[in-house]
Amino acid sequence: MNNTITDLTIMLAGEAGAGVQSTEAILTSAMKKAGYNVFATKEYMSRVRGGTNSTTIRISENRICNQWGAPDIFIPFDLAAYTRYKPELLEKSIVIADTKIVKASNIFHLGFNDTSLSIGNIIYASMVVAGSIAGLTGVDLEVLKSYIAKQFETKDKKIIADNIKAAEVGYEEGKKIAEQAGLKIEIKNNDYVKDDILVSGSESIALGALAGGCDAVFSYPMTPGTGVFTTLANWAKKAGVVVEQVEDEIGVINMAIGAWYAGARAIVSTSGGGFALMTEGLSLSGMTETPVVIHLAQRPGPATGLPTRTEQGDLNLALYAGHGVFARAIFAPGNLEQGYELTKYAFDVADKYQSPVIVLTDQYFTDSYYNTPGFKIYSPPEKYIVEAKEEYKRYDLKEGSLSPRSVPGFGVGRVCVDSDEHDESGRITEELNGIVLKMKNKRFGKFALLKDIALVPDLYGSDDYEILFVCWGSALTTALEAVKKIGDKVSLLHFKQVYPIAQTALNYFQKAKKIVMIENNQAYQFKNLIEHELGIKIPSTILKYNGLQFISDELYRKMKEVI
Amino acid sequence: MNNTITDLTIMLAGEAGAGVQSTEAILTSAMKKAGYNVFATKEYMSRVRGGTNSTTIRISENRICNQWGAPDIFIPFDLAAYTRYKPELLEKSIVIADTKIVKASNIFHLGFNDTSLSIGNIIYASMVVAGSIAGLTGVDLEVLKSYIAKQFETKDKKIIADNIKAAEVGYEEGKKIAEQAGLKIEIKNNDYVKDDILVSGSESIALGALAGGCDAVFSYPMTPGTGVFTTLANWAKKAGVVVEQVEDEIGVINMAIGAWYAGARAIVSTSGGGFALMTEGLSLSGMTETPVVIHLAQRPGPATGLPTRTEQGDLNLALYAGHGVFARAIFAPGNLEQGYELTKYAFDVADKYQSPVIVLTDQYFTDSYYNTPGFKIYSPPEKYIVEAKEEYKRYDLKEGSLSPRSVPGFGVGRVCVDSDEHDESGRITEELNGIVLKMKNKRFGKFALLKDIALVPDLYGSDDYEILFVCWGSALTTALEAVKKIGDKVSLLHFKQVYPIAQTALNYFQKAKKIVMIENNQAYQFKNLIEHELGIKIPSTILKYNGLQFISDELYRKMKEVI
Amino acid sequence: MDRKYFDIATDIAWCPGCGNFGIRNIMLDAMVELGLSKDKLCFVSGIGQAAKAPHYYDVSYFNGLHGRALPVASGIKAANPDIKLIVESGDGDMYGEGGNHFIHTIRRNPDITVIVHNNMVYGLTKGQASPTTQKGMKTPIQTEGVNSIPLNPVALAITMGATFVARGAAGDKEKTKEIIKAAIMHKGFALVDIFQACVSFNKVNTHKWYKENIVIIPDTHPKDDKVKALSLAFSESPWPLGIFYEVNGFKTFEDSLPVYEHSHEPLYKRTRNMDILREIMNQKK
Amino acid sequence: MDRKYFDIATDIAWCPGCGNFGIRNIMLDAMVELGLSKDKLCFVSGIGQAAKAPHYYDVSYFNGLHGRALPVASGIKAANPDIKLIVESGDGDMYGEGGNHFIHTIRRNPDITVIVHNNMVYGLTKGQASPTTQKGMKTPIQTEGVNSIPLNPVALAITMGATFVARGAAGDKEKTKEIIKAAIMHKGFALVDIFQACVSFNKVNTHKWYKENIVIIPDTHPKDDKVKALSLAFSESPWPLGIFYEVNGFKTFEDSLPVYEHSHEPLYKRTRNMDILREIMNQKK
Ligand SMILES: Cc1ncc(C[n+]2csc(CCOP(=O)(O)OP(=O)(O)O)c2C)c(N)n1
Ligand SMILES: Cc1ncc(C[n+]2csc(CCOP(=O)(O)OP(=O)(O)O)c2C)c(N)n1
Ligand code: SF4
Ligand code: SF4
Ligand SMILES: [Mg+2]
Ligand SMILES: [Mg+2]
């Protein structure tokens, strides 16, 4: 066997709490510091300990932001992990494990348990494994060592020394295994990587929120929405953000609306079930014209479903949640930069259009991470709030759909907001053919306003395509690598805004000879939406809905089949 | 002036609590007993006393189930009522009022306040007014008198006598006014009317529930959903129905699901905001495959909106409420008979298909009433519940999408139900490519099953149409009378099931030269659905969204405009 | 400054004779006597007859969803801690649909005054039982009479740790005004549950009933003794009126938020220093 | 009949060393000792680590939504009053998301036993504060420590009128088993809040902490005295363990339903006499 690898995929798997996560953290950070492009994605069970989880790390000389294919190297921490993921391996994949635990053939032995115990503690096992991968890939050992020194600088010297020792032993073992396996890994490192940031989808959303002037986050924990909440909580003191965990999601959305009413820019982060509970509140935002920003991280439903898995199955709910008629905007970032930019933008759209805005992600998006150039830093966002004069009317019709918005305490005027149908000054009315109709038309006008500013989808690939693959949200990076491989006359159209749909998007569809929709749900919800909004037919779909994200080569094969 | 009226429309209007409602009750009951066809609809403000409410009563020789046009006779109880509704009158409409209170020109005086006070109590005013209408219309006074005697039979003799006196005085006054106004009303009465029942939309739903074997109702009061709840509560003891008012709508839907799980047939009744709160519960029904029947009576939103008004604006929410993917059926009765039959049927569909089923009405539907032949009485509904043997599995895949459903305590087997993704025996699973996919496909299969049995829309009018008007739910009766007047080559297609849409409905559309959708909402939600489901375009719509139902002649005029 | 400052000429949608008018009068007087300033005051309510109250004052308000006044109010406090916040709503709204927010908002202890018009019935939806409806009362839904144990708002609030808990009555103007004033001045979560006759739907707890079933809490009652306060709260017929429980010096929700450690400047006046983003990104390098 | 009757061989998704195992053991023994029969027994739970418990017994169960166990349980009771119903769930589930159902279900008094695994933390979602988390504890969200007043489930249940209220501890097997048995035998709403160590996320309230902070309620405690029970419920460090409050003879939710006046036959076995429809329609003629 002799294969030179320039783009490496490693899978680590084991029980929750057994070290997979710490190995991943060490590896990705160290590799990034060493100038390698890294990407990592995880899938895990809905439990705190036990079960079988895995994380997949890709290391490359080029920028990467997704998984291409099956792992080159698979490191199961226990037999269950081996058994669960074995079927996904390729013939050429090599398996490294502690063969005392994983008793199977064709496995390269790495005695990380004994080794770490001999160093003094089983917790060093992660470091042994990390070291071995450094050894396998030929990463400079010094880089790893200085990373360890930095990482544990506040700790006891002995702890640093033991960690380094574990890494060294692992490193040597790794080199040996590479030799035995005839594995040649030659990944070039790049200086630019060191200046990159290494952040997850959740972090990109949280950073985008800060950039958007978010100064309050209200939530009730729910996987995978919790990541954004935790991240913001972590930065809150420094950034001056109010953080409150509320008793339930109904409280969450109402508290956020209350905060916006009083002039704060608030976000809530949740998942399908929690969002379902916010449905009435969404309608309150629509009626009172109080902005609100919602991060909805999808997981497979219905009901509790698969709490830690991924799906794009809540699009319909995001589109139609809330009784009665009112406008909204929905963004669906496809990569970290979009996570940042669109979340920032969501705050401006919400504030300016006085409407609910949803940032729609999923477990795959929130949990995955890779190195990417630092996000652009903008000046503080524009404030759309006006001072209330004595005769201020919250729903003044003079400026059409967008009445100047004041907040209580800003000026002498009264800011009166009502969830019943109301007149210009915010008082209940039943003037059915008078002010009621005017208010209904005023709010309805926002559909058009939001459509006017709808972001045009991005075309990836040549303008001169015959086949057009279409996807939305988190599918972007996976689909893009696959489409690139397919070749000429094939392009990818990605929607980072899924509602309203920009009318000009139609042009892209009209030019295509064949259109294929890619979605991570069973009911092709986006296809339905696009078909109706643009009045077209999309005859072909590639769907996945087992709770996992597409992998590029899997998608590549499916693409080949349909074209 | 000399106009002979054979089909009379009367509008009564005044403050809430001022007697409009009791006049209406006396009149419609007495007229019906006298063999006249009667229809009544009301519109009222969201308050208990004061404001201005109205009720419109139509009396005819022919069967009627809607309002045709502006009132022939208008009886305002106060000046505010006069002012509010005056603009809706026709030139030929006559106004009758106590001119001491309603000081305006061209009003026929009826001194109901003084008269009733002179009899002894202002509450007799209603009876004076009712009597006057009897006099106007030439209804036999004896009929009214015997109705009064019967109505108050448990009361004091003096009360009966006073009421009769009030009616008599009113009667004489009415006759006088008719003479003065040159009004000739000649409405024939029919014997069949006496055997009819006089019920409201709410009552038709409640009766349908009983026919469907409903044995529990859980609700939280919300206009206009409360009517069904109150009606069932009223009959509960006799009919053996569990009635529980729950702390909130989330509790409501979960309690109903719990009851179904244990083998009861339960219904919940609510309106948009309450239904919004049930969104997560709907998804629970979908995931656990526990049936549930929801009566959703629409009112204008968003948020609290116009609590006592009517709209068809929650269709999108009914269609898409709930996170994740699961099937449902939605019925939308167009008349009382459909209210009864479809609600009954909803229980069978829910039970057999182990899915949530929604009966979608609105304030107009629930509050309107007319005489109609008694509903068909069926034998008790089939029970779909099986006994659980020791090896019983709740989600057995052997029979495809519909696993035999048992309930706890029925047999020795365990009935295990899970809101997480589960295996056949109802236990949590994360076998993503195994049982998870099978369960997802099992549930997805219900979309097709429910589509297979979708009710075909009803065509009213000749098969040989060129112009097809389309409507759904409560618009049926209003639209039908208008379409009939329009003439040849024009028919009406009414959807009493709005989801899934029967595929064969397409034929009706394909035959039409022109299609016009009639909807009582601003966002043509049903048009969007039909267009997408059937792959057609409906270029023309007639919409109303001021919180009131169409009136037939208004619709007629709009129809004329578009064709 | 007189009542006109807060009074507003408008059509009031309550029934003639309703106890709500009494509460409105008391509120107008209490606010004027306290010299509250409109530009530092805000009302929040849910949905119901009582919840219409803010419409009848000339004030800023957020009239939100049924049952959801408290989270909205907490959100306002979180955004602007120096606004005087009064929540005014009904018993069904506050203790029924809004029950979860009621118990958890108390735990947070925001500086909010909560005025509940307790008519022991759902008024706006026409007479169904509310959580405080007494046992046995018949309604269109509870046709055989209410079976559930009535919720005791005073006892519940004390148990949950509210720092000011009182009962008033629409019919006892002077005493209730003093209670409301004390509640508004109290720093922390203050509940004033006010007995109010619904003349349209509650034929049991009438103006007369309230008059006859109330007893003023004696001055000797130790207001800072939780167990004694609870014991008093459980006494019924006659029902004590006055302040059951009052403790001071507890940190409020807004004061425990780090953003207000150094300044109470409302969030809408602040501008983020974007260097924080640079700093965070540097950490992520 | 031995433990095997209810025990089921399955992968248990709890962390090694978790207090949940102790509760499971106690439950298995209690059920066996009471001689409960599977075909007359049903469990209901919400979502969380504790809420997985019913999966680990060989019983019928409805494992529903987060926070919504109690209304489901009440619905089951309404449909079939003779089923023995045990709700087993977590503190976040029962007192946080499910708080409104908790207080109102108590008011209804259905014959349900409610077992709450109170680890004072959100386990499944990885360590955020729950309503019972003690002040000051730091978590990934409450980075500066919890500020809210912790919810006292025992005091809350007593105040709301629960007819049986007790505290157990996963670490005190014998005493807790007896409490649970008494709760299951009690007719009416019975709460057993059980202290349980979450070894993964609660580093404050550990096995050791619980052992050291518990004191057994003396036999002399008058269990039917509400105010005394509350006073005891407010005492902390040490925290009393045992039955705080127990009163009998109160009508249950299901018994107050007219459908069960003459027979407890479950609804699914009944057939409606359709003559009632005829009768109603005749009235409408
Ligand atoms: C989610 C939701 N459920 C139900 C309603 C209907 N509703 C409006 S007011 C009300 C009860 C009001 O009772 P209470 O709060 O006691 O106020 P009151 O009218 O007695 O003053 C209800 C159930 C609603 N508006 N929203
Ligand atoms: C509507 C909704 N919101 C949030 C969640 C996420 N969630 C699952 S379990 C849980 C908390 C569990 O805490 P607890 O009830 O104390 O149980 P424990 O895990 O500690 O045993 C949360 C917030 C959910 N499943 N549904
Ligand atoms: S319904 Fe009752 S509470 Fe409402 S305004 Fe009328 S009397 Fe007052
Ligand atoms: S997370 Fe905590 S409560 Fe959950 S199983 Fe682990 S130790 Fe137990
Ligand atoms: Mg009330
Ligand atoms: Mg817990």
Inset, instruction - Check the pair F62(C) / T290(A) against side-chain contact (heavy atoms from CB on, under 4.5 Å), numbers first and verdict last. - result: CA-CA 10 Å; F62(C) 190 106; T290(A) 311; 4.0 Å; yes
Inset, instruction - Kindly indicate, with the supporting measurements, whether the criterion side-chain contact (heavy atoms from CB on, under 4.5 Å) is fulfilled by K237(A) and E261(C). - result: CA-CA 10 Å; K237(A) 204 168 174 187; E261(C) 208 175 311; 4.0 Å; yes
Inset, instruction - For I76(C) and Y261(A), run side-chain contact (heavy atoms from CB on, under 4.5 Å): C-alpha distance rounded to whole Å, both residues' side-chain angles, the deciding distance at 0.1 Å, then the answer. - result: CA-CA 7 Å; I76(C) 295 170; Y261(A) 164 67; 3.5 Å; yes
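A distance-only check finds a donor-acceptor pair linking the side chain of R272(C) to the backbone of L210(A) [under 3.5 Å]. Judged purely by atom type and a 3.5 angstrom limit, S60(C) has no side-chain atom pairing as donor or acceptor with the backbone of R414(A).
Under a 4.0 Å N-O distance rule, the pair E244(A)/R108(C) qualifies as a salt bridge. At a threshold of 4.0 Å, the pair E390(A)-K38(C) does not count as salt-bridged, since none of the basic side-chain nitrogens sits closer than that to a carboxylate oxygen.
At a heavy-atom separation below 4.5 angstrom, chain A is approached by L277(C), R278(C), E279(C), I280(C), M281(C), Q283(C), K284(C), K285(C) within residues 277-285 of chain C. Against chain C, the residues from residues 380-389 of chain A that qualify, each with a non-hydrogen atom under 4.5 angstrom away, are P380(A), P381(A), K383(A), I385(A) in number order.
Across every non-hydrogen atom of A79(C) and A259(A), the tightest pair is CB-O, 3.7 Å. The minimum heavy-atom distance between G64(C) and S419(A), with the atom names listed, is O-OG, 3.0 Å.
Summarising the local packing, CD of E153(A) is surrounded by more than 12 heavy atoms from other residues, nucleotides or ligands at distances under 6.0 Å. The number of heavy-atom neighbours closer than 6.0 Å to NZ of K352(A), taken from other residues, nucleotides and ligands shown, is 12 or below.
The most heavy-atom pairs under 4.5 Å with chain C, out of V199(A), D196(A), V412(A), come from D196(A).
Proximity of R68(C) to E280(A): side-chain heavy atoms (C-beta onward) are separated by under 4.5 Å at one or more points.
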